[in-house]
Amino acid sequence: MNQSTSLPVFPDDFAAFPPEARAWLFAAGSPIPDENKASILDGLHDSISKWKSHGTEIMAKATFLDDVTFLVVADFTQAHMSGCSIDRMILSVRETGALTGIDLLDAKGIHYWDHTGLHFVSRTKFGELAAVGAVDAGTMVLDLTRITLSDVRDGKWKAPAGTTWHRRAFELSAPA
């Protein structure tokens with residue numbers, strides 16, 4: 001099966017972040033062309049590089065992990081994480097994606113990999129696939145609930161469905 005679990009290559013400037021840095025994962029509903037990835041990163045640079053929480057500057061960076069998954073990392077070890085600053089970051093991600101016609105906040109569906117590659121389906125469709133055994137606990141899924149850079153660096157954002165929230169939500173059977 002083509003269920004690649006290769007870890008992303010992080011740009012060198014991510015090395016300064018501690019393992020407990022806060023991570024936000026976003027995913028598009030289809031692969032993003034390279035030129036759009038560059039536009040999104042360029043568009044977010046100003047807001048991410050000037051991120052502040054309660055007046056304290058926050059070290060933050062953004063990158064793509066693959067053709068659909070986008071990561072924002074912020075180091076809150078020197079400041080308290082505020083909801084308002086997070087809301088502004090998420091709004092920046094939404095607006096920047098919209099400028100390229102890409103919804104980076106489409107968390108309504110499920111991304112999974114099978115022998116033919118990456119798929120994005122509704123939760124209802126994923127449930128139907130689970131009911132007929134087309135996906136199971138061994139199916140690789142995108143887990144957007146990972147919240148630390150350590151989780152992302154360790155590859156836990158792409159994991160067997162049996163180790164994520166998908167197992168309970170879809171009552172997945174064990175892999176054959």
Side-chain angles (χ1 to χ4, degrees), residues 1-11 14-15 17-38 40-41 44 60-74 81 86-87 89-90 93-94 96-98 100-176:
M1 292 192 122
N2 181 17
Q3 296 185 5
S4 172
T5 57
S6 61
L7 299 179
V9 176
F10 285 95
F14 277 77
F17 287 93
E20 66 275 7
R22 179 62 164 86
W24 287 269
L25 291 164
F26 304 98
S30 62
I32 300 170
D34 288 343
E35 62 272 10
N36 287 4
K37 288 181 193 175
I40 290 167
L41 290 174
L44 278 175
K61 298 282 182 193
T63 193
F64 279 89
L65 299 177
D66 60 19
D67 287 340
V68 296
T69 316
F70 182 71
L71 170 70
V72 174
V73 176
M81 184 171 26
I86 294 166
D87 289 346
M89 178 272 296
I90 291 172
V93 169
R94 179 187 314 275
T96 304
T100 60
I102 297 169
D103 183 358
L104 292 171
L105 302 178
D106 187 354
K108 295 179 230 73
I110 306 288
H111 293 79
Y112 75 95
W113 288 261
D114 69 9
H115 67 282
T116 64
L118 172 66
H119 302 277
F120 178 69
V121 297
S122 69
R123 289 175 186 238
T124 300
K125 178 67 176 175
F126 193 83
E128 292 168 359
L129 292 170
V132 297
V135 296
D136 60 28
T139 300
M140 296 301 286
V141 294
L142 179 60
D143 183 1
L144 298 175
T145 66
R146 298 304 173 169
I147 63 168
T148 67
L149 181 56
S150 177
D151 280 346
V152 176
R153 283 181 174 149
D154 291 345
K156 294 177 182 174
W157 57 281
K158 189 187 281 189
T163 65
T164 70
W165 63 269
H166 300 80
R167 179 184 54 78
R168 291 179 307 284
F170 298 101
E171 300 177 4
L172 296 174
S173 60

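Distance check, rounded to the nearest 0.5 Å: CD of E20 to CD1 of I147 gives 12.0 Å. With rounding to the nearest 0.5 Å, the separation of CG in L118 from CE in M140 is 12.0 Å. For the atom pair CD1 of I40 and OG1 of T100, the computed distance is 4.0 Å after rounding to the nearest 0.5 Å. Atom NZ of K158 and atom CG of D66 lie 5.0 Å apart (nearest 0.5 Å). For the atom pair CG (L149) and CZ (R22), the distance works out to 11.5 Å, reported to the nearest 0.5 Å.
Here the side chain of D154 pairs no donor or acceptor atom with the backbone of K156 at under 3.5 angstrom. Between the side chain of H111 and the main chain of A28, a donor-acceptor pair closer than 3.5 Å is present.
A heavy-atom distance below 4.5 Å is found between the side chains of L142 and W157. Looking at heavy atoms from C-beta onward, H166 lies out of side-chain contact with Y112 at the 4.5 angstrom threshold. The shortest side-chain heavy-atom distance between I32 and D67 does not fall under the 4.5 Å cut-off. A 4.5 Å side-chain heavy-atom check between W24 and V93 finds every atom pair outside the cut-off. Between F64 and L41 the shortest side-chain heavy-atom distance falls below 4.5 Å. Contact of the T164 side chain with the T145 side chain is not registered, since no non-hydrogen atoms from C-beta on lie closer than 4.5 Å. The side-chain heavy atoms of D114 and T139, taken from C-beta on, include no pair separated by under 4.5 Å.
Of the residues listed (V135, T124, I110), the one engaging L129 in a side-chain contact (heavy atoms from CB on, under 4.5 Å) is V135, and it is the only one.
Ring geometry for F26 versus F70: interplanar angle of 30 to 60°, hence tilted. Ring geometry for W165 against F170 counts as tilted: the plane angle lies between 30° and 60°, on a 0 to 90° scale.
Between A23 and V152, the closest heavy-atom pair is CB-CG2, 4.0 Å. Closest of all the heavy-atom pairs between A161 and L172 is CB-CD1, 3.4 Å. The shortest non-hydrogen separation linking A62 to V72 is CB-CG2, 4.2 Å. Across every non-hydrogen atom of D143 and L25, the tightest pair is O-CD1, 3.6 Å.
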